[in-house]
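Below: the structure, in structure tokens.
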Amino acid sequence: MRLVILGPPGAGKGTQAKKVAAHFGIPAISTGDIFRQNVADKTPLGRQVEEIMASGKYVPDELTNELVRNRLLEEDAAVGFLLDGYPRTAAQVDELDSMLAGSSSRLDAVLELTVDMDEVVNRLLKRAEIEGRPDDTEDVIRHRLEVYTEQTAPLVHIYSDRNLLQRVDGMGDIGDVTGRLLAACDDFAV
Ligand code: AMP
């Protein structure tokens with residue numbers, strides 16, 4: 001399975017990506033997690049992206065694309081993958097297309113987690129208390145939601161035009177949401 005999970009910050013993508021990926025025995029690849037690890041390890045990439053991330057902006061496409069290109073070449077991604085947080089811009093969609101074409105593969109489905117926006121802000125504020133992420137302050141949360149609406153929400157149309165999109169209700173019990181996502185994947189696995 002080659003999957004993408006889309007949805008606004010706070011939709012529960014990370015949690016669900018891990019569960020769905022475990023079900024299919026594929027790696028869940030989160031660009032946000034990889035960037036955060038680089039920041040924590042103070043790598044050159046981490047130093048480059050730290051401020052950008054803390055302000056809620058997107059990391060430039062060139063950096064993000066290179067990171068994903070390298071990650072998809074790792075052995076564990078040969079059997080499939082679930083991308084969480086990538087692609088996020090139309091240029092990243094094009095780049096992912098070219099990566100997949102290079103390995104003669106294609107996406108099986110794009111899962112869109114839909115959530116109530118007020119609920120998203122509450123979830124993110126709660127996560128800020130627990131995890132203390134520097135991009136979970138109220139102003140930055142608002143900015144991240146704006147950036148999502150402007151730059152990433154339009155990706156839904158691109159994938160829907162390709163008949164790859166599955167919209168899944170992301171509200172409610174975590175296990176129920178996972179069940180809905182897996183059912184959506186079954187629809188595509190034929
Ligand atoms: P996330 O954990 O997916 O919410 O990502 C956290 C932050 O990492 C984002 O707000 C961006 O600054 C950066 N980031 C993660 N993925 C991407 C991407 N595909 N394109 C650009 N920036 C990204």
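Order of appearance sets the numbers: ligands from 1, and atoms from 1 within every ligand. Predicted, not measured: the structure shown is a model, and the values here were computed from it.
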Considering only NZ, NE, NH1 and NH2 on the basic side and carboxylate oxygens on the acidic side, decide whether D76 and R71 come within less than 4.0 Å. yes

Is the shortest distance from a Lys or Arg side-chain nitrogen in R69 or E95 to a carboxylate oxygen in the other one below 4.0 Å? yes

I need the atoms of ligand 1 closer than 4.0 Å to a non-hydrogen atom of T64, numbered in the order shown. 18 (C), 19 (N), 20 (N), 21 (C)

Atoms in ligand 1 with a heavy atom of R144 nearer than 4.0 Å: 4 (O)

With atom 5 (O) of ligand 1 as the reference point, say which of H143, R88, Q151 has the nearest heavy atom. R88

For S30, is at least one N or O under 3.5 Å away from an N or O on ligand 1? no

Under a plain distance cut-off of 3.5 Å, with no hydrogens placed, do Y86 and S30 share a side-chain donor-acceptor pair? no

Provide, to 0.1 Å, the distance between atom 12 (O) of ligand 1 and the closest protein heavy atom, together with that atom's residue and name. K57 O, 2.6 Å

Please determine whether the number of non-hydrogen atoms from other residues, nucleotides or ligands lying under 6.0 Å from atom CD of E131 exceeds 12. yes

Flag if over 12 foreign heavy atoms under 6.0 Å of CD, E66: no

With backbone taken as N, CA, C and O and side chain as the heavy atoms from C-beta onward, which portion of F35 lies under 4.0 Å from ligand 1: side chain, backbone, both, or neither? side chain

Closest contact, heavy atoms only, D61 versus A91: OD2-CB, 3.3 Å

Please could you name the atoms of ligand 1 that T31 approaches to less than 4.0 Å, counting only its heavy atoms? 15 (C), 16 (N), 17 (C), 19 (N)

Contact between R36 and ligand 1, counting heavy atoms under 4.0 Å? yes

Using distance alone, determine whether V59 and ligand 1 share an N or O pair under 3.5 Å. yes

Can you sort out which atoms of ligand 1 are near G85, meaning under 4.0 Å from one of its heavy atoms? 16 (N), 17 (C), 18 (C), 19 (N)

What residue and atom, counting heavy atoms only, is the protein's closest point to atom 7 (C) of ligand 1, and at what distance? M53 CE, 3.7 Å

Would a distance-only check, ignoring hydrogens and angles, find a side-chain to backbone donor-acceptor pair under 3.5 Å from T89 to Q151? no

With distance as the sole test, does D41 use its side chain to make a donor-acceptor pair with the main-chain N or O of T43 at under 3.5 Å? no

Does an N or O from Y58, backbone or side chain, lie closer than 3.5 Å to an N or O of ligand 1? no

Please could you name the atoms of ligand 1 that Q92 approaches to less than 4.0 Å, counting only its heavy atoms? 18 (C), 19 (N), 20 (N), 21 (C)

Ionic contact status for E146 with R142, cut-off 4.0 Å: no

